[in-house]
*Asks:* 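Dropping the structure in here first, questions after.
Here the structure is a predicted model, which is why all the values come from computation and not from measurement.
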Amino acid sequence: MPTTPPAARTSVVDGERRAASVPPRPAVAAGLLCTVLFGLLLTLVVLRWGPLLSLDTDLAGALHRTAVAEPGWTHRNRVLSDWVWDPWTMRAVLAAVVWLLLRRGERLLAAWVAATSLLGTGVQQAVKALVGRERPVWPDPVDSAGYAAFPSGHALSALVAGALVLWLLRLHGVPRRWRWAARAVVAVSVVGVGFTRVFLGVHWPSDVVGGWLLGGALVAGSVAAYHAYVARWDRPGCAQETGWRS
């Protein structure tokens with residue numbers, strides 16, 4: 001089996017380390033914005049702010065009536081929600097990514113991705129338990145779901161998995177045309193899963209937005225922390241990080 005020459009491997013690792021050391025200003029800004037917006041939305045949900053509840057009820061009710069009237073369309077949405085964009089599918093994608101990173105010898109990056117995924121699951125379950133928001137209740141339900149409503153775990157899992165994959169593609173210098181294709185797939189998945197959860201009547205629209213915002217805050221914070229950590233160990237006399245990546 002052919003192997004990568006040591007010189008070429010060193011060049012790739014050095015290039016990746018230089019890319020990882022770029023100051024993560026966009027990640028910090030995105031993380032702060034998502035955190036502030038999520039905090040605001042969380043406050044409105046906890047206080048049961050009237051205009052938000054009315055908007056949730058109107059949008060969810062309109063989509064639910066369509067779901068009841070169109071069983072074929074509802075079945076397709078259930079397949080997408082319960083299989084294609086299910087949180088376990090997203091976790092399987094990230095598990096494959098972690099395995100590939102380990103095969104490349106990038107143990108630190110693999111651990112970072114795994115930890116971010118686990119943190120996302122833990123945080124969203126904790127927020128669900130603390131907020132305890134009830135899911136929509138319909139006289140003619142077309143689907144069901146357990147646990148509390150806010151935030152949507154499906155929405156959060158899709159955003160976390162998609163954002164991490166996009167970050168890794170950029171970090172490893174994947175050609176721009178492939179990154180644009182990946183962005184399209186991620187965008188369709190993130191928006192699509194949010195739509196299916198409301199359409200199937202198991203979430204309020206604000207649950208989905210909350211999942212997106214919390215997922216965005218988690219990934220942005222994780223990315224910023226990773227770049228800061230690598231930049232720290234790239235200083236003269238700090239060589240420990242290299243052993244994790246090669």
*Asks:* Can you list the residues that meet the side chain to side chain contact (heavy atoms under 4.5 Å, CB included) rule with Val84, with sequence neighbours excluded?
*Replies:*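 Checked Val84 against side chain to side chain contact (heavy atoms under 4.5 Å, CB included); matches are Leu80.
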
*Asks:* Given side chains that start at C-beta, do those of Val190 and Trp212 come closer than 4.5 Å, heavy atoms only?
*Replies:*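 Yes, close enough: below the 4.5 Å cut-off.
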
*Asks:* For Trp49, which residues count as a ring pair (Phe, Tyr, Trp, His ring centres under 6.0 Å) partner, sequence neighbours excluded?
*Replies:*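 Here no residue qualifies.
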
*Asks:* What pairs with Thr116 under side chain to side chain donor-acceptor pair (under 3.5 Å), at least two apart in sequence or on another chain?
*Replies:*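 Applying side chain to side chain donor-acceptor pair (under 3.5 Å) to Thr116 gives Ser222.
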
*Asks:* Are Leu59 and Trp204 close enough that some pair of their side-chain heavy atoms sits under 4.5 Å apart?
*Replies:*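 Not in contact.
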
*Asks:* Check the hydrophobic clustering (I, L, V, M, F, W, Y; side-chain heavy atoms under 4.5 Å; chains of links allowed) and say if Trp167 and Leu33 are grouped together.
*Replies:*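 Yes, Trp167 connects to Leu33 through the hydrophobic network.
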
*Asks:* Apply side chain to side chain contact (heavy atoms under 4.5 Å, CB included) to the pair Leu53 and Arg48, showing each step before the final yes or no.
*Replies:* CA-CA 7 Å; Leu53 297 184; Arg48 299 181 60 83; 3.8 Å; yes

*Asks:* Within the 4.5 Å heavy-atom criterion, are Leu171 and His227 side-chain neighbours or not?
*Replies:*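 When only atoms from C-beta onward are counted, His227 and Leu171 do touch, with a gap below 4.5 Å.
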
*Asks:* If I compare all heavy atoms of Ala217 with all of Cys34, which pair ends up nearest, and what's the gap?
*Replies:*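 Of all heavy-atom pairs spanning Ala217 and Cys34, the closest is N-CB, 3.6 Å.
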
*Asks:* Mind jotting down which residue pairs meet the side chain to side chain donor-acceptor pair (under 3.5 Å) criterion with at least one end in residues 156-166? Sequence neighbours excluded, please.
*Replies:*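 Applying side chain to side chain donor-acceptor pair (under 3.5 Å) to every pair that reaches into residues 156-166, excluding sequence neighbours, yields nothing.
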
*Asks:* Check the hydrophobic clustering (I, L, V, M, F, W, Y; side-chain heavy atoms under 4.5 Å; chains of links allowed) and say if Trp88 and Tyr147 are grouped together.
*Replies:*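 Different clusters: Trp88 never reaches Tyr147 through Ile, Leu, Val, Met, Phe, Trp or Tyr contacts under 4.5 Å.
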
*Asks:* Taking the side chain as every heavy atom from C-beta outward, state whether Thr89 and Trp83 have any pair of such atoms under 4.5 Å apart.
*Replies:*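 No, side chains not in contact.
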
*Asks:* What residues, two or more places apart in sequence or in another chain, satisfy side chain to side chain contact (heavy atoms under 4.5 Å, CB included) together with Leu100?
*Replies:*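 None.
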
*Asks:* Between Met90 and Leu169, is there a shared hydrophobic cluster once you connect ILVMFWY residues whose side-chain heavy atoms come closer than 4.5 Å?
*Replies:*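 Met90 and Leu169: separate clusters.
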
*Asks:* Ignoring hydrogens, what is the shortest heavy-atom contact between Ala155 and Ser152? Give both atom names and the distance.
*Replies:*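 The answer is N-OG, 3.1 Å.
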
*Asks:* Would you name the heavy atoms of Gly120 and Leu156 that are closest together and state the gap between them?
*Replies:*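 Looking at all heavy atoms of both residues, the closest pair is O-CD2, 3.7 Å.
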
*Asks:* Tell me every residue that passes side chain to side chain donor-acceptor pair (under 3.5 Å) with Thr35, counting only those two or more places apart in sequence or in another chain.
*Replies:*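 For Thr35, no residue satisfies side chain to side chain donor-acceptor pair (under 3.5 Å) once neighbours in sequence are set aside.
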
*Asks:* Looking at CG of Asn77 and CG of Asp82, how far apart are the two atoms once the value is rounded to the nearest 0.5 Å?
*Replies:*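 So the gap between those two atoms works out to 10.0 Å.
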
*Asks:* Ignoring hydrogens and angles, tell me if any N or O in the side chain of Ser117 forms a donor-acceptor pair with the backbone of Ala114 under 3.5 Å.
*Replies:*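 No; zero donor-acceptor contacts below 3.5 Å.
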
*Asks:* Locate the shortest heavy-atom distance separating Ala27 from Ala220; write the atom from each residue and the value.
*Replies:*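 Here Ala27 and Ala220 meet closest at O-CB, 3.3 Å.
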
*Asks:* Looking only at heavy atoms, what is the nearest atom pair of Leu159 and Gly216, with distance?
*Replies:*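 Minimum heavy-atom contact is CD2-N, 3.3 Å.
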
*Asks:* Within a strict 4.5 Å, meaning less than it, do heavy atoms of the Val127 and Phe38 side chains meet?
*Replies:*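 Val127 vs Phe38: side chains touch.
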
*Asks:* Tell me, please, which residues at least two apart from Arg133 pass side chain to side chain donor-acceptor pair (under 3.5 Å).
*Replies:*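 Per chain and number, Arg133 pairs via side chain to side chain donor-acceptor pair (under 3.5 Å) with Asp56, Ser206, Asp207.
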
*Asks:* Listed by chain and number, what are the side chain to side chain donor-acceptor pair (under 3.5 Å) partners of Asp86, not counting sequence neighbours?
*Replies:*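 Listed in chain order: nothing, the list is empty.
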
*Asks:* Are Val230 and Leu102 linked, directly or through intermediate hydrophobic residues, by side-chain heavy-atom contacts shorter than 4.5 Å (ILVMFWY only)?
*Replies:*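 Leu102 clusters together with Val230.
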
*Asks:* Step by step, work out the side chain to side chain contact (heavy atoms under 4.5 Å, CB included) result for Leu108 and Tyr226.
*Replies:* CA-CA 9 Å; Leu108 174 61; Tyr226 176 82; 4.1 Å; yes

*Asks:* Sequence neighbours left out, what pairs pass ring-ring contact (aromatic ring centres under 6.0 Å, His included) with at least one residue falling in residues 119-146?
*Replies:*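 For residues 119-146, and leaving out neighbouring residues, the ring-ring contact (aromatic ring centres under 6.0 Å, His included) pairs sorted by first residue read His64-Trp138.
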
*Asks:* Using the rule that two of Ile, Leu, Val, Met, Phe, Trp, Tyr join whenever any of their side-chain heavy atoms come within less than 4.5 Å, decide whether Val193 and Leu218 are in one cluster.
*Replies:*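 Result: no, two separate clusters.
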
*Asks:* I'd like to check Leu118 versus Thr121 (side-chain heavy atoms, cut-off strictly below 4.5 Å). Are they in contact?
*Replies:*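 In short, these two side chains do not touch, never coming nearer than 4.5 Å.
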
*Asks:* Less than 4.5 Å apart, side chain to side chain, heavy atoms only: is that true for Asp143 and Arg78?
*Replies:*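 Result yes, sub-4.5 Å side-chain heavy-atom pair found.
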
*Asks:* Got Leu52 and Leu41 here, is their nearest side-chain heavy-atom distance under 4.5 Å?
*Replies:*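 Yes, their side chains come closer than 4.5 Å.
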
*Asks:* Once side chain to side chain contact (heavy atoms under 4.5 Å, CB included) is applied, do any residues pair with Ala145, and if so which ones, sequence neighbours excluded?
*Replies:*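 For Ala145 the side chain to side chain contact (heavy atoms under 4.5 Å, CB included) partners, ignoring immediate neighbours, are Arg135, Arg197, Val202.
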
*Asks:* May I have all residue pairs that pass side chain to side chain donor-acceptor pair (under 3.5 Å) and include part of residues 180-192, sequence neighbours excluded?
*Replies:*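 Matches after skipping sequence neighbours: Trp85-Ser189.
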
*Asks:* Please name the residue in the list Val208, Val209, Val45, Leu214 that meets the side chain to side chain contact (heavy atoms under 4.5 Å, CB included) test with Phe150.
*Replies:*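 Exactly one candidate clears the test, Val45.
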
*Asks:* What's the spacing between Arg65 CZ and Glu70 CD if we round to 0.5 Å?
*Replies:*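 Here the rounded value is 14.0 Å.
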
*Asks:* Under a 3.5 Å distance rule, please check whether His203 uses its side chain to pair with a backbone N or O of Ala149 as donor and acceptor.
*Replies:*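 At least one qualifying donor-acceptor pair exists.
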
*Asks:* Nearest 0.5 angstrom please: Arg76 CZ to Ser81 OG, how far?
*Replies:*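 Going from CZ on Arg76 over to OG on Ser81, the span is 15.0 Å.
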
*Asks:* Taking side chain to side chain contact (heavy atoms under 4.5 Å, CB included) as the test, write out the residues that go with Leu101, two or more places apart.
*Replies:*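 Leu101 satisfies side chain to side chain contact (heavy atoms under 4.5 Å, CB included) with Val97, Glu106, Leu109, Ala110, Val113, Leu168, His172 only.
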
